[in-house]
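Below is one structure, written out as structure tokens, with a few remarks after it.
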Protein chains: 2
Amino acid sequence: MSRATLSRDAIVDTTIRLIREHGADALTMRGLGQALGTDPTAVYRHFRDKAELLRAVSERLLGTVTIGLPDGHEWRPAVVELCRRLRRALLEQPRLATALQFGPPLQPSEFAITEELLRRFCAAGLDIGAAALAYHSVIELTVGSAAIDAAMHSMSDRERSQQYTRWRSVYAALDPAEYPETVAASAAMYRGTAEDRFVHALGRLLDGLVPTR
Amino acid sequence: MSRATLSRDAIVDTTIRLIREHGADALTMRGLGQALGTDPTAVYRHFRDKAELLRAVSERLLGTVTIGLPDGHEWRPAVVELCRRLRRALLEQPRLATALQFGPPLQPSEFAITEELLRRFCAAGLDIGAAALAYHSVIELTVGSAAIDAAMHSMSDRERSQQYTRWRSVYAALDPAEYPETVAASAAMYRGTAEDRFVHALGRLLDGLVPTR
DNA sequence: ACCTGAACACCGTTCAAGT
DNA sequence: ACCTGAACACCGTTCAAGT
């Protein structure tokens with residue numbers, strides 16, 4: 001057995017790898033211990049409990065969201081890029097979305113995301129109250145898109161597109177007397193990637209939030 | 001002990017009550033058995049497993065979303081009301097949001113929601129492809145709003161507003177050199193109820209999805 | 001100082017046995 | 001036909017004991 005020297009960073013690394021490979025639901029402390037080459041309970045020397053470990057994971061994942069965003073006068077590309085990154089980070093750990101609101105200690109990366117979004121919305125010409133509302137709005141959309149796509153995220157591209165095709169045929173096969181619009185729309189449902197659909201929704205939301213005068 | 005005669009409906013009733021009172025995470029088959037006055041494993045006569053039970057719960061909760069919507073020529077009040085109801089149903093069972101996409105059998109109530117939304121968007125003048133995109137967009141926002149609010153949902157009004165106040169002071173106490181906009185916006189963050197904020201976000205999204213020509 | 005491993009108090013679920 | 005209850009294979013977590 002490799003004599004692993006445990007550290008918070010090494011534990012977080014391995015946890016993220018396990019979640020990425022096997023899904024968030026499959027993460028157990030016993031499995032984590034095995035992947036680390038230590039007794040499962042050794043992790044408890046470094047983290048109070050599983051929740052604190054997952055908070056550290058989320059901090060790591062969210063930390064990359066705001067770095068190196070396109071700067072300059074255009075607010076919109078920056079907001080879109082930030083939200084795309086946030087969505088991808090949330091996808092890694094779906095549970096994270098709701099867990100965010102829980103913990104007593106808001107995390108540094110969350111503050112950075114909030115500040116960046118508020119700054120861009122102010123740059124877009126919104127007053128501070130409208131910027132706060134816009135912040136809440138885009139966060140809600142981003143979290144929802146990630147939550148809906150989370151189940152598909154562990155699939156391969158092939159499996160995913162098969163699943164979309166299957167759903168389209170289910171819609172297409174409905175009784176047209178009872179579900180006329182669904183049958184008519186069936187070919188248009190779940191078109192493109194989930195991220196495409198998210199970017200479209202975000203675009204329309206930003207259109208509504210920041211009216212062009 | 002009351003000699004309860006079990007039925008799927010009675011089990012779903014009790015499950016919803018337990019989730020409403022103690023939260024979705026606190027639902028266990030043993031606790032459910034106790035609430036029903038039967039052995040915990042008796043439920044397995046009527047449902048294959050916990051997932052099937054929760055699917056029946058979601059079907060019950062989502063079933064009420066589309067009944068008696070405001071009819072007539074105005075598409076917008078109907079869409080808003082449907083989404084508010086859907087959000088409230090999702091709040092009862094946060095887990096439901098992601099579980100929706102899982103199961104093989106899409107449920108009747110989901111079809112009804114899809115049809116109703118597509119119908120209203122077509123009535124608003126969108127072509128069928130735009131209606132499908134609009135459908136995906138409002139679902140993502142609604143699911144996200146419910147997911148974010150889920151943690152607060154079990155709190156009393158008093159606790160919830162205390163939590164909001166606490167977050168505002170955290171934002172207000174940040175270093176204004178590093179987080180100027182957040183400090184400036186702190187008083188405007190988490191204003192009103194979560195449903196107020198959702199209705200605002202939905203309104204702006206609908207503005208963007210259905211441009212007034 | 002850090003890790004180990006037995007142990008505790010839980011889970012969801014199965015299945016032979018009861019009535 | 002339906003319910004019971006022991007049992008199985010798991011969880012997260014604690015804590016005395018090791019090194």
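By convention in this document, chain letters (A, B, ...) are assigned in the order of the sequence lines, proteins followed by strands, and residues within each chain are numbered from 1.
For the pair A:Ile11 CD1 and C:dC2 P, the interatomic distance rounds to 11 Å; values are reported in whole Å. The interatomic distance linking A:His46 (NE2) with C:dA1 (C1') rounds to 10 Å, in whole Å. If you take CG of A:Leu32 and C1' of C:dT4, they are 16 Å apart, rounded to a whole angstrom.
Between B:Glu81 and B:Arg120 there is no salt bridge, since none of the side-chain N atoms of the basic residue sits less than 4.0 Å from a carboxylate O of the acidic one. A:Asp13 has a carboxylate O that lies under 4.0 Å from a charged side-chain N of A:Arg60, or vice versa, which qualifies the two as a salt bridge.
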For nucleotides 5-12 of chain D, which of its nitrogen or oxygen atoms have a protein nitrogen or oxygen under 3.5 Å away, and what is each distance?
residue	atom	partner	partner atom	Å
D:dG5	N7	B:Asp39	OD1	3.3
D:dG5	N7	B:Asp39	OD2	3.0
D:dG5	O6	B:Thr41	OG1	2.8
D:dC11	N4	A:Arg30	NH2	3.3
D:dG12	OP1	A:Lys50	NZ	2.7
D:dG12	OP2	A:Met29	N	3.0
D:dG12	N7	A:Arg30	NH1	2.7
D:dG12	O6	A:Arg30	NH2	2.9

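In the model, A:Ser7 has no side-chain atom that pairs as donor or acceptor with a side-chain atom of A:Asp9 under 3.5 Å.
Each of B:Ile11, B:Ile16, B:Leu62 was compared with B:Val57 under the side-chain contact (heavy atoms from CB on, under 4.5 Å) criterion, and only B:Ile16 meets it.
Under the Watson-Crick or G-U wobble criterion, with both distances below 3.5 Å, C:dA7 is paired with D:dT13. Taking a pair to require two hydrogen-bonding distances under 3.5 Å in either a Watson-Crick or a G-U wobble arrangement, D:dG18 pairs with C:dC2.
Nearest approach of A:Arg84 to A:Glu195, heavy atoms of both residues: NE-OE2, 2.7 Å.
The aromatic rings of B:Phe121 and B:Trp75 sit tilted, their planes meeting at an angle between 30° and 60°.
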